[in-house]
Amino acid sequence: MTPFLSVPPCLRGERSAARSGINYEFPMLRPAGPKPHFLIGNMPLARRDPLAVFSKWSAEFGDIFYYRAAWIQVYFLNHPDLIEAVLVRNYQNFLKDHVIRKSRWFFGEGLLTNEGESWLRQRRLSQPAFHRDRIASYARIMTGYASQMLDSWKQDETLDIHQEMMQLTLRIVVRALFNVEAEQIGAISTALNVMMRNSTGIRLLLPPAARYLPTPAMIQFRRAVRRLDETVYGIIAARRRNEIDSGDLLSMLMQARDEDGGRMTDKQLRDEVMTFLLAGHETTANALTWTWYLLSSAPEIEARVHEEVDRVLNGRLPTVADIGALPLVEQVVTESMRLYPPAWIIGRRALQDYRIGEYLAPARSILVMSPYVLQRDARYFPDPERFNPDRWTPTFRAALPPFAYFPFGGGPRRCIGESFAWMELVLVVATVAQQWQLRLVPGHPVAPQPVVTLRTKHGMKMTVHRRLGRCAIE
Ligand code: HEM
C-alpha cells in the first residue's frame with residue numbers, strides 16, 4: 001500500500017466500511033459524492049454537459065469526491081497536492097485509465113497507451129527527438145505553413161477556424177515527423193482526415209468486434225487506417241534503405257539506441273508515429289481555436305497583442321529567437337489553455353489499494369483529475385471565469401501551487417510534445433495576429449465539447465479581416 005498522504009483538513013467522508021461491513025485493519029472512509037442511481041450509479045460522461053456536472057460536484061464536495069459509474073468506482077481529485085501525489089509521487093501505483101488503454105488497437109504500443117518497462121524504453125528512445133534544440137529546427141515549418149494558410153484567406157470571408165487550425169497543425173506535425181514532400185503530406189493528411197471525420201475520436205475506443213461492422217463509416221475508417229499504415233511503413237522502409245538523417249522526428253526515432261544498442265522495430269516506429277500524428281495535432285488545434293475565440297471577445301487584449309507583434313517583428317515572420325520577446329502572446333496562450341485545456345481530463349487506474357488521507361481508493365478504482373475544473377477554481381485563479389492573460393505575472397506564477405495549472409499533465413508521463421506545442425502555439429498566434437484580425441460570427445453558438453479532447457461543439461465560425469496597412473509577409 002502507498003504511504004499515508006497528508007490531505008487538506010476539509011476532506012470529509014462517510015464510513016462506507018461500517019455500511020458494507022468489510023473489516024479493514026483501519027477504518028475506511030469514502031468521500032462524499034453525488035447521490036447515485038441505484039443501478040447505474042452516476043454517469044457524468046454520458047450526460048449532456050459533463051463539464052457542468054463535474055464543476056457542480058466539485059463546488060459541492062470540494063477537494064475529493066466519490067461516484068460510481070455502473071460498477072466502476074471513481075475518485076475525483078480536485079486539489080493540487082492530491083493530483084501531484086498520483087501523477088508524480090506514487091505514479092507507479094497507477095496505469096492509464098481504460099479509455100486510453102482501449103485505443104491500443106490503433107496506437108499499438110505507442111507512448112500514449114504503453115505501460116511499464118516497454119513504455120520506459122520507448123520514452124527514453126523518443127526523448128531526444130523532442131529535445132529543445134531539435135524542436136527549434138521546426139520553427140520554420142510552423143511559420144511557413146501558417147503563412148501558406150493566410151495566403152489562402154480572403155478579405156472578410158467567413159471560415160470555420162477550427163477546421164483551418166486542424167489542417168494547419170496536421171500539416172505541421174506531418175512535416176516535422178517525416179520531412180516529406182507535399183504529395184506525401186497530402187496522402188497522409190487525407191487519410192487522417194477521413195479517419196477523424198468518421199471517428200470523432202470515439203471509434204478509436206470501440207470494442208474489437210465493432211471495428212469490423214460493415215457500416216459505411218467503419219469501412220471508410222478501416223480503409224483510411226490501412227492507407228495510413230501503408231504510407232508510414234513505406235516511408236520507414238525507404239529510410240531504412242538509405243540511412244540518412246532527414247532532420248525530422250522519424251530520423252531521430254530511427255537513430256535512437258538503448259543502452260544495449262537496440263533500436264526500434266518498424267512496428268514500434270509505426271506505433272510512435274501514429275501516436276504523435278494524432279496526439280500532436282488535435283490538441284494544438286483546439287488550443288489555437290479557443291485562443292482566437294477568446295481574443296475575438298476581448299478586443300482590448302487583442303489590440304495589445306497586435307501592438308506587441310508589430311513592434312517585435314516589424315513585418316517579418318517570427319523565429320524561435322523572438323519567442324522570449326513576445327510575453328503577451330505567451331500569456332494569452334497560457335490563459336487560453338487555463339480556460340480551455342485541450343486535455344480536459346486525465347484518468348488513472350489504481351493497481352493496488354491507494355490511501356488518500358483518511359480515504360481508501362481500492363485497487364482497480366479510477367482516479368480522475370480535470371485541468372478544466374481545477375484551473376477554474378477561485379482558490380488559485382481569482383475571478384476564474386474571466387479571460388485575463390495579465391494574471392500570469394512572474395509573482396503569480398511563483399505563488400501558484402504546482403499542479404493548480406497542469407494542461408500537459410505531470411510526472412513521468414507528462415506530455416513529451418510540450419515544448420513542441422508551446423513553440424507552435426506562440427509562433428502560429430504571432431504569425432496570424434500580425435496580418436489578420438479574427439471575429440466570431442455574431443450569433444454563432446460557442447460551446448465546448450468534452451470528447452477525448454476539448455473541442456468546439458459547433459466549430460468556430462469567424463470572419464477574417466486583413467489588418468490595415470498589413471500585407472502578406474514574404
Ligand atoms: C496543446 C497541445 C498539447 C496538450 C494540451 C497535450 C496534453 C497532454 C497531456 C495532458 C498528456 C498526459 C496524459 C496523461 O497523463 O494521461 C499528454 C501526453 C502525451 N502527449 Fe501531449 N499534448 C499536446 C501536444 C502534443 C504534441 C505536439 C505531441 C507530439 C508531437 C504530443 C504527444 C504526446 C504523447 C506521445 C504523450 C504520451 C507521453 C507518455 O505517456 O510518455 N502532445 N499530452
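What you see is a predicted model; the values in this text were computed from it and never measured. Ligands are counted one by one from 1 in listed order, and the atoms in each one are counted from 1 as well.
In K96, the part holding a heavy atom less than 4.0 Å from any atom of ligand 1 is the side chain. Here R123 has side-chain heavy atoms under 4.0 Å from ligand 1, and that is the only part of it that gets that close. Residue-level proximity to ligand 1 for C415 is carried by backbone and side chain together, each with a heavy atom below 4.0 angstrom. Only side-chain heavy atoms of I346 come within less than 4.0 Å of ligand 1; its backbone N, CA, C and O stay farther off.
Each of the following atoms of ligand 1 lies closer than 4.0 Å to a heavy atom of P342: 5 (C). Under a 4.0 Å criterion applied to the non-hydrogen atoms of I416, ligand 1 contributes the atoms 34 (C), 35 (C). Which parts of ligand 1 touch P407 is read off a 4.0 Å heavy-atom cut-off, strictly below it: atoms 5 (C), 7 (C), 10 (C). Near F420, with a cut-off below 4.0 Å to any heavy atom, the atoms of ligand 1 are 27 (C).
In terms of modelled atom types and a separation under 3.5 Å, the side chain of H162 and the main chain of L288 share no donor-acceptor contact. Looking at Y372, its side chain never comes within 3.5 Å of a backbone N or O of A343 through a donor-acceptor pair. In this structure, the side chain of R413 engages the main chain of L111 through a donor-acceptor pair within 3.5 Å.
Residue W119 places at least one N or O, backbone or side chain, under 3.5 Å from an N or O of ligand 1. Some N or O of R413 is nearer than 3.5 Å to an N or O of ligand 1, by distance alone. Checking only distances, R348 does come within under 3.5 Å of ligand 1, N or O to N or O.
Residues forming a salt bridge (charged side-chain N to carboxylate O under 4.0 Å, His left out) with R364 (at least two apart in sequence, or on another chain): none.
The distance between the ring centers of Y293 and F387 does not fall below 6.0 angstrom. When ring centroids are compared, Y405 and W392 come within the 6.0 Å threshold. Aromatic rings of F76 and Y67 (six-membered ring for Trp) have centroids beyond the 6.0 Å cut-off, not under it.
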Just distance, no hydrogens or angles: give the donor-acceptor pairs under 3.5 Å from side chains in residues 224-234, sequence neighbours left out.
| unit_1 | atom_1 | unit_2 | atom_2 | d |
| --- | --- | --- | --- | --- |
| D229 | OD1 | R270 | NE | 2.8 |
| D229 | OD1 | R270 | NH2 | 3.1 |
| T231 | OG1 | R227 | O | 2.8 |

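Residue F130 places a heavy atom less than 4.0 Å from ligand 1.
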